[in-house]
Each structure stands twice: as structure tokens, then as C-alpha cells.
Amino acid sequence: MTTSVNNNDFVTIRLAGQLCGIPVLTVHDVLSSQKITRIPLAPDSVAGVLNLRGRIVTAINLRKRLGLPEADDESQKMSVVVEYEGEPYSLLIDKIGDVLSLPEEAYERNPVTLDSCWQEVSGGIYRLENELLVILDVQKLLNYGADQAAAA
């Protein structure tokens, strides 16, 4: 009898020391440091825009988005390009990791002790051997502007 194992694949990133995962199917590109053009009057978390093969991509500073302290060395920022509502977004991160394939059974809902900055953008967690992998929900991460506009 063959048992099928359902695995979920994640691109791992580091942000302020925290290991995070982004579903691999939502990741379009991984970029090294890029020239970013600032946008006047944009929200703090919008670092600006960059040109990716002729497409204008909005760059989101995830540290500012999550209320985390700025990195010591901003020049080494990498980014992961994802798509949200048909538009590309570049998520500025500290470091890119590996692709992990994790069993669906190991997935857990967010624990109540998870820091609030991660709670609002996390789709759940995986407990790895030495640390916690916080799964980022791209929709929750990029939908914050709509929530603010709806409240106004």
C-alpha cells in the first residue's frame, strides 16, 4: 500500500534574526541588492520602486512593515519578488535561505505566544529542530493598505 505524503514547499528568508517561509509557488524571483527609487509621500513601509526586466515593481521594506528595527547594513538587502492582485512586489529581506519541503502534518496554527508583529502576517508555523519557522501569508502582508483605507 502506497501512502502519499503531502509536503508544503517554502522559500526560507531571515528577517531580524527570525526564520520565515514564503510559499514557493508565490515567489517569482530572488534578487540581490537593487537600485530603488524613492516615491514621495509613500507610506514608510514602501521603500520605493525598482525596475525588473522592464516592469515597475513596488519595493516593501518588511522591517518597517512589521515595526522591526532597521538593519545595520542596508546595502546588503536582498529581495523576494511575489505577486499580489496581479502586481509584482519586491519584499526587502535580510537574507535568503533554502527551499524547505515540510510535511503538512507538522503545520501548526500560530501559538498565542507568537509576537504580535508576526501574528498579523503569519499563516502558521512549523517547529524545526532548533527554531521556529514563521510562514508568511503574502496576502495579509500586502493587504494592510486596504485595511487602513476601509477603516477611514
Side-chain angles (χ1 to χ4, degrees), residues 7-102 104 107-126 128 131-152:
N7 281 350
N8 295 320
D9 297 333
F10 302 97
V11 174
T12 60
I13 64 169
R14 286 255 176 223
L15 189 64
Q18 176 62 54
L19 182 66
C20 301
I22 300 174
V24 76
L25 294 177
T26 65
V27 175
H28 291 262
D29 281 293
V30 174
L31 309 172
S32 59
S33 189
Q34 299 285 311
K35 181 182 182 297
I36 297 174
T37 305
R38 299 264 325 135
I39 302 171
L41 305 176
D44 269 355
S45 60
V46 176
V49 294
L50 58 94
N51 184 332
L52 178 62
R53 295 184 291 277
R55 279 185 89 182
I56 300 300
V57 178
T58 303
I60 304 294
N61 182 329
L62 284 188
R63 281 179 171 259
K64 283 189 178 175
R65 165 67 180 97
L66 297 171
L68 300 169
E70 283 298 315
D72 295 334
D73 187 6
E74 291 291 313
S75 66
Q76 296 303 310
K77 281 227 182 279
M78 298 186 74
S79 61
V80 174
V81 178
V82 296
E83 198 159 304
Y84 173 67
E85 293 187 347
E87 293 294 322
Y89 288 87
S90 170
L91 306 176
L92 300 180
I93 60 171
D94 297 343
K95 190 176 173 186
I96 193 79
D98 298 319
V99 173
L100 290 181
S101 186
L102 300 168
E104 212 171 271
Y107 169 83
E108 297 178 38
R109 296 179 60 171
N110 289 331
V112 293
T113 55
L114 187 65
D115 190 294
S116 62
C117 76
W118 299 107
Q119 284 272 7
E120 69 174 87
V121 297
S122 171
I125 62 153
Y126 284 89
L128 303 180
E131 64 186 320
L132 202 63
L133 175 68
V134 175
I135 304 304
L136 297 178
D137 182 322
V138 172
Q139 186 169 354
K140 288 180 182 177
L141 199 59
L142 295 173
N143 196 30
Y144 67 99
D147 293 343
Q148 290 171 347

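At least one donor-acceptor pair closer than 3.5 Å links the side chain of S122 to the backbone N or O of I135. Judged by distance alone, the side chain of N61 and the main-chain N or O of A47 form no donor-acceptor pair under 3.5 Å. Checked by atom type and distance alone, the side chain of E120 never pairs as donor or acceptor with a backbone atom of W118 at under 3.5 Å.
Between R55 and P88 the shortest heavy-atom distance is NH2-CD, 3.2 Å. Annotation for L52 and V81: closest pair CD2-CG2, 4.0 Å, computed over non-hydrogen atoms. Summarising the geometry of C117 relative to L68, their closest heavy-atom pair is SG-CD2, 4.0 Å, with the distance given to 0.1 Å.
Within the 4.5 Å cutoff, the side chain of L136 has heavy atoms near those of the I13 side chain. The shortest distance between side-chain heavy atoms of V82 and L141 does not fall below 4.5 Å. Looking only at side-chain heavy atoms (C-beta outward), L19 and L132 stay at 4.5 Å or farther from each other. The shortest distance between side-chain heavy atoms of Q34 and S32 falls below 4.5 Å. Proximity of L91 to L142: side-chain heavy atoms (C-beta onward) are separated by under 4.5 Å at one or more points.
Judged as a side chain to side chain contact (heavy atoms under 4.5 Å, CB included), and not counting sequence neighbours, the contacts of D137 are Q139, K140. Residues passing the side chain to side chain donor-acceptor pair (under 3.5 Å) test with E108 are R127, sequence neighbours excluded.
In this structure, the separation between SG on C20 and CG on L15 is 5.5 Å, given to the nearest 0.5 Å. To the nearest 0.5 Å, atom CG of residue N110 and atom OG of residue S116 are 11.5 Å apart. With rounding to the nearest 0.5 Å, the separation of CD1 in I36 from OG1 in T58 is 10.5 Å. Here L102 contributes atom CG and F10 contributes atom CZ; the two are 6.5 Å apart, rounded to the nearest 0.5 Å. Atoms CG and CD1, on N51 and I56 in that order, are 5.0 Å from each other to the nearest 0.5 Å.
Screening residues 81-93 for salt bridge (Lys or Arg N to Asp or Glu O under 4.0 Å), with sequence neighbours left out, gives no hits. Within the structure, no pair that satisfies the salt bridge (Lys or Arg N to Asp or Glu O under 4.0 Å) test touches residues 32-47, not counting sequence neighbours. Every pair passing side-chain hydrogen bond (donor to acceptor under 3.5 Å, both in side chains) that includes a residue from residues 8-18 is listed here, sequence neighbours excluded: N8-Y126, D9-S101, R14-E131.
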With a cut-off of 3.5 Å and sequence neighbours excluded, list every side-chain donor-acceptor pair involving residues 22-30.
from : atom 1 : to  : atom 2 : distance (Å)
T26  : OG1    : P23 : O      : 2.7
D29  : OD1    : R53 : NH2    : 3.2
D29  : OD2    : R53 : NH2    : 2.7

